[in-house]
*Asks:* 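Can you keep this structure in mind? I'll have questions shortly.
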There are 2 protein chains.
Amino acid sequence: MAPRDHEIVRLTADLVILTVRSGRLCVLLVERANEPFRGRPALPGGFLRAGETIEETAARELAEETSLDGLPVEQIGVYSAPDRDPRDPRVVTCAFLAIAPDLPVPVAGTDAREARWLPLDEVGGLAFDHGRILADAVERARTKLQYTTVATAFCPPEFTISELREVYEVVWDVEVDRPNFHRKVTDAEGFVEPTGAKSTKGGGRPAVLYRAGGARVLHPPMVRPRAKSS
Amino acid sequence: MAPRDHEIVRLTADLVILTVRSGRLCVLLVERANEPFRGRPALPGGFLRAGETIEETAARELAEETSLDGLPVEQIGVYSAPDRDPRDPRVVTCAFLAIAPDLPVPVAGTDAREARWLPLDEVGGLAFDHGRILADAVERARTKLQYTTVATAFCPPEFTISELREVYEVVWDVEVDRPNFHRKVTDAEGFVEPTGAKSTKGGGRPAVLYRAGGARVLHPPMVRPRAKSS
DNA sequence: TCAAAAGTGTTCTGGCTACACCCATGA
DNA sequence: TCATGGGTGTAGCCAGAACACTTTTGA
């Protein structure tokens, strides 16, 4: 092969960290402190270091931003347009999706950057190609709700079926039939398991509390109905 | 942020090109001409060049290996283990999946490397982490058959329903009910459309020929039955 | 006793499975 | 006229959709 006709790049991991806060799907954004795009909102992220896999880079940045350790991250894709970063030399990024419960805010980052949750429909003007990355990650999250049990990752350790249903309704922006959802979730092997306790909040009958079950895939899958708004 | 604590990498695109040949799922492999892993089978691939996206790198390598232009490629993932390439400096790869019809072989590459189709169950001893990349890509292809129309990409421009069914049977390693498959495929909007011609091969009744339809997603999806061979 | 939210029962329907059956061609 | 593979008909089953209904709490 022809030697040295290839380009040297710097590799970053950018994180799309999603959560549900007060009935809205939110993403964690930071404000850029340096050029390029100084002052613009951006996805948290950082450079690959020696000896790391890019997953480890992502996990390290995630821990710094959310103080949630061991939260799984999933690759969304590589974004490598030559002009995506005006700096020289070239920067290629690998985007990751992470799903978090509603954390105590403001999220205390260990570095000076200000991080904040922003509802998806208020996001605009992101730096670089982060708008596209965010859109791709949200689409992935929506798809994953169908055939995996990740919805529980949006919830606190103990939750009610209604709280879990709210995750689906918020992320998919649909209404989900309450009785059918209850049956489907409680019948599905390993999706949720009862803790024995009951929720005391709420005006009506107390709800049984559940925790996430052992299953990762959902069988049969949830089917996403037609969107309610549009 | 702390400057210069990040690593410089070289980025490659590696291709998993799949096809169905004489009833078996096959992958295109090349023999490495240089160290490391000289003489070992490997996935075709190459380095990112200046001004290219990594998708363009993949498309360029694909065209060189198969002389099929414009075949779509899909990202599988990034493989970045620090020790995946014994060379220094570090090489990170982005893997791509491409699906091809049964091409006239041997595939004429423009470079000197010898490329050949190898049935999946005969693959072994791949260079680097290409064994894992291949496994991930095959799993992706299997999943994609469920809810997309990519199965037609395994077929020539005109094909019979039975040829399309064979794709599912080979890739999934299952038996598919012939009558039900026929109905499902011909009823699905945009999956296949008849050309008007009929196949002359085969001993029995001539089969109607179809070409790929316009739809990319399959609605409702194909469901993968339990594997026939354990 | 009423409102509110949790949870159960029941009917209907659409898609899938299984398999019987008919059709068109070559030998 | 028989073998071979293409294509259609149809009965049963099962899961999801829709929605009526019962249960358990606080006010």
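These numbers were taken from a predicted model, which means no experiment stands behind them. Lettering of chains follows the sequences in order, A, B, ..., and the numbering in each one begins at 1.
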*Asks:* Would you mind classifying the nucleic acid contact of A/T186 as base, sugar-phosphate or nothing, using non-hydrogen atoms under 4.0 angstrom?
*Replies:* nothing
*Asks:* Name the nucleic acid region contacted by B/S162, choosing base, sugar-phosphate or nothing; use a 4.0 angstrom heavy-atom cut-off, strictly under.
*Replies:* sugar-phosphate
*Asks:* Counting only heavy atoms not in B/D121, do more than 12 fall under 6.0 Å of its CG?
*Replies:* yes
*Asks:* Taking only side-chain N and O atoms of A/H182, does any of them lie within less than 4.0 angstrom of OP1 or OP2 on C/dT8?
*Replies:* yes
*Asks:* Applying side-chain contact (heavy atoms from CB on, under 4.5 Å), name anything that partners A/Q75, two or more places apart in sequence or on another chain.
*Replies:* A/I54, A/E55, A/C94, A/F96, B/V78
*Asks:* Looking at A/E122, I'd like to know if its CD atom is crowded, meaning that more than 12 non-hydrogen atoms belonging to other residues, nucleotides or ligands lie closer than 6.0 Å.
*Replies:* yes
*Asks:* Donor-acceptor pair, distance only, cut-off 3.5 Å: does the side chain of B/T93 make one with the backbone of B/Y79?
*Replies:* no
*Asks:* Figure out the CD/P separation between B/E175 and C/dC19, and round it to whole Å.
*Replies:* 12 Å
*Asks:* Give the rounded distance in Å between these two atoms: CG of B/D187 and C1' of D/dG7.
*Replies:* 12 Å
*Asks:* Please state how far atom NE2 in A/H219 lies from atom C1' in D/dA15, giving the value in whole angstrom units.
*Replies:* 12 Å
*Asks:* Do you know which of A/F191, A/W172, A/Y168 makes ring pair (Phe, Tyr, Trp, His ring centres under 6.0 Å) with A/F181?
*Replies:* A/Y168
*Asks:* One character per nucleotide, please: for nucleotides 16-25 of chain D, 5' to 3', B when the base has a protein heavy atom closer than 4.0 Å, S when only the sugar-phosphate does, - otherwise.
*Replies:* SBBBB--BBB
*Asks:* Quickly work out the A/F159 CZ to C/dA5 P distance and round it to whole Å.
*Replies:* 20 Å
*Asks:* Atom CE of B/M222 to atom P of C/dG15: distance rounded to whole Å?
*Replies:* 14 Å
*Asks:* Rounded to whole Å, how long is the line connecting atom CZ of B/R165 with atom C1' of D/dG7?
*Replies:* 12 Å
*Asks:* Please name all residues satisfying side-chain contact (heavy atoms from CB on, under 4.5 Å) with B/E52, sequence neighbours left out, ordered by chain then number.
*Replies:* B/L48, B/R49, B/E56, B/T57, B/R60
*Asks:* Expressed as a whole number of angstroms, how long is the span from B/E166:CD to D/dG6:P?
*Replies:* 11 Å
